[in-house]
Amino acid sequence: MTIDIALWLTQDAITNGAVYALLALALVLVYTVTRVIFVPQGEFISFAALSLATLQAGKVPGTVYLLMAGGALVALIDGVAAIRAAQPRRLIGIVILNIGLPAAVAGAASLAALRPDNLWLQMLVTLAIVTPFGPIIYRLAFQPLAGMSVLVLLIIAVAVHYLLTGLGLVFFGGEGLRSPPLSDFSLHVGVLNITAQSLWVIFSSIVLIFTLWLLFEHTLYGKALRATAINRVGARLVGISAAFAGSLSFTLAALIGAIAGILISPITTIYYDTGFIISLKGFVGAIIGGMVSYPVAAAGALLVGFLESFSSFWWSAFKESIVFTLIIPVLLWRSLTARHVDEEEE
Amino acid sequence: MSSLLDVRGLSAAYGKVEALHGVDIEVPRGKIVTVIGPNGAGKTTLLAVLMGLLAGRGTVIYDGGDMSGCTTEMRVARGLCLVPERRELFGGLRVEDNLLLGAFPRIGKATQTIRSDLDGVYQRFPRLLERRTQLAGTLSGGERQMLALGRALMAKPQLLMLDEPSLGLAPRIVRDTFHVIADLKRSGVSILLVEQNARAALQVADYGYVLETGEVVLEGTACALAANPRVAQTYLGLSGRFERNTA
């Protein structure tokens, strides 16, 4: 291996590792707050990347209709609950949030589809389409069963994953799609050809990670999420509802997934099921962090990026197996060093 | 005047094991009511049901409204607050963040009053002010107790429920804690105090109940209970043998 190739592989590793790090953080966030191992995290990537590409093609993506259907379902459930609790005034808020907002997003999407030259608008609309799936999924699939064991929650997560992957196939077909990069600019440093897109990925990831840090360190809502992760009973006793914390963490996870999808869509061709593999690599990073430590999870995800990049050079056929085999020594090491804690009883 | 809390025929079970059998308890406004009894009598269970952490049967009327179907968060928002036996602090967060989160239902609505309440808590517990940037998990037992009380006060409770506030604390800190409890009563907070330290509890309380194996076996004014020979012998240790433990 020459220095040139090593540099080139490193660039690739950091770009991919940054995306994996985002996903690892989202997985840790969702797990610590709700105890859900969030298998469908990758679907946000696919949905975002493919929705953006569909908007590029001048069409309104099917995810918009799914968003309206999901919102209507939430409105129905919450509406019935509000009427039963004799609080009809809450209906207005429920309708605005779950029917009005998706309708507005749909309007924006049809507008954005007509403006193929306005990539920024389309990216914003894509975020607006995909992010609300977080709270909708939480409300429909997880909130009613929030007190169940980790295993039950995992099974629900797998079911949601299959459902969303299937819907992805219906909406976008089996063909892979790719979006154009924000800029064709590229930087030549020696033999290294650094594209604007990979700089953009790294820059956005750093900004996003910093924003998350600000949220958790310096806002009370972020601290409320941490408090829930630290002590569920204590959080309820100060009035932080599990539904609030769960919904907020799923919203953040969806936002992170959507941003990751938008970032990588010009780099790789995304199929309806690509997101799952990408989020699995984030998951390896999260496992390295024991599903609880944000910094170790991010570092682990970066390690996954390097492992993948360099093994694709030396032993390309086994690239994926090498990355996923990493879990075994990590789990061994963790189970040998970690103090075993029984799952808390609720 | 009706009571702030009126509990009628409250039963609760862990799985098939019933821990409370038809308990009736009242907390008048502005009074301290204590529930004493041995370990495993159902005292903590009673508080868990009142807080909505555990499902129970029976009626709970709070501030003139039925509490059935209310989640823990709704009860907190209505002015009910529990300082649990295990304190349930946020160990990985700073002392000040623990206190601020105590006011969580008011966040974004009354930022000004939260600040002044925080100052009030620091005035009451100067030790917490010294430790405000420290992680809650690094505090000593007495400081943890102060933080748990302080966090509860940040919720501006109408009815404060305390579960074994003296458990595992040095005598001096126990005394301080009971001073705070008496002080809170003077500022208009109603208190439901669950204690094994019956002597201290009956000294500060207006009214008391004795709970044994999930049933109220005795009730009366604190003075009457303290004078009751059975209470004196079993819980105040006047036979002499338990003198040192309850002092």
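Per chain, numbering begins at 1; letters A, B, ... match sequence-line order.
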Heavy-atom closest pair (Ile240(A) atom, Glu73(B) atom, distance to 0.1 Å) is C-CG, 3.9 Å

Distance col, row Ile107(B):CD1 vs Leu220(A):CG, nearest 0.5 angstrom, shows 4.0 Å

Exercise: identify the closest heavy-atom pair between Leu101(B) and Ala227(A): CD1-CB, 3.6 Å

Shortest non-hydrogen contact from Pro105(B) to Gly239(A)? CG-CA, 4.5 Å

Interface residue of largest heavy-atom contact number with chain B, from Ala242(A), Ala229(A), Ser241(A), under 4.5 Å: Ser241(A)

Counting only heavy atoms not in Arg86(B), do more than 12 fall under 6.0 Å of its CZ? no

Nearest heavy-atom pair of Val238(A) and Phe90(B): which atoms, and what distance? CG2-CZ, 4.1 Å

To the closest 0.5 Å, what do you measure between CZ (Phe104(B)) and CZ (Phe244(A))? 4.0 Å

Return the CZ to CD distance between Arg236(A) and Glu88(B), rounded to the nearest 0.5 Å. 11.5 Å

Side chain to side chain contact (heavy atoms under 4.5 Å, CB included) with Leu237(A): which of Val83(B), Leu80(B), Leu53(B)? Leu53(B)

Using a strict threshold of under 4.0 Å (side-chain N to carboxylate O), is an ion pair present between Glu96(B) and Lys223(A)? no

Counting only non-hydrogen atoms closer than 4.5 Å, does Arg94(B) touch chain A with its backbone (N, CA, C, O), its side chain (CB onward), both, or neither? side chain

Using heavy atoms and a sub-4.5 Å threshold, report which of residues 78-100 of chain A line up against chain B, by residue number. none

Using ring pair (Phe, Tyr, Trp, His ring centres under 6.0 Å) as the criterion, list what pairs up with Tyr14(B), not counting sequence neighbours. none

Could you look at Leu89(B) and say if it's the side chain, the backbone, both or neither that has a heavy atom under 4.5 Å from chain A? backbone

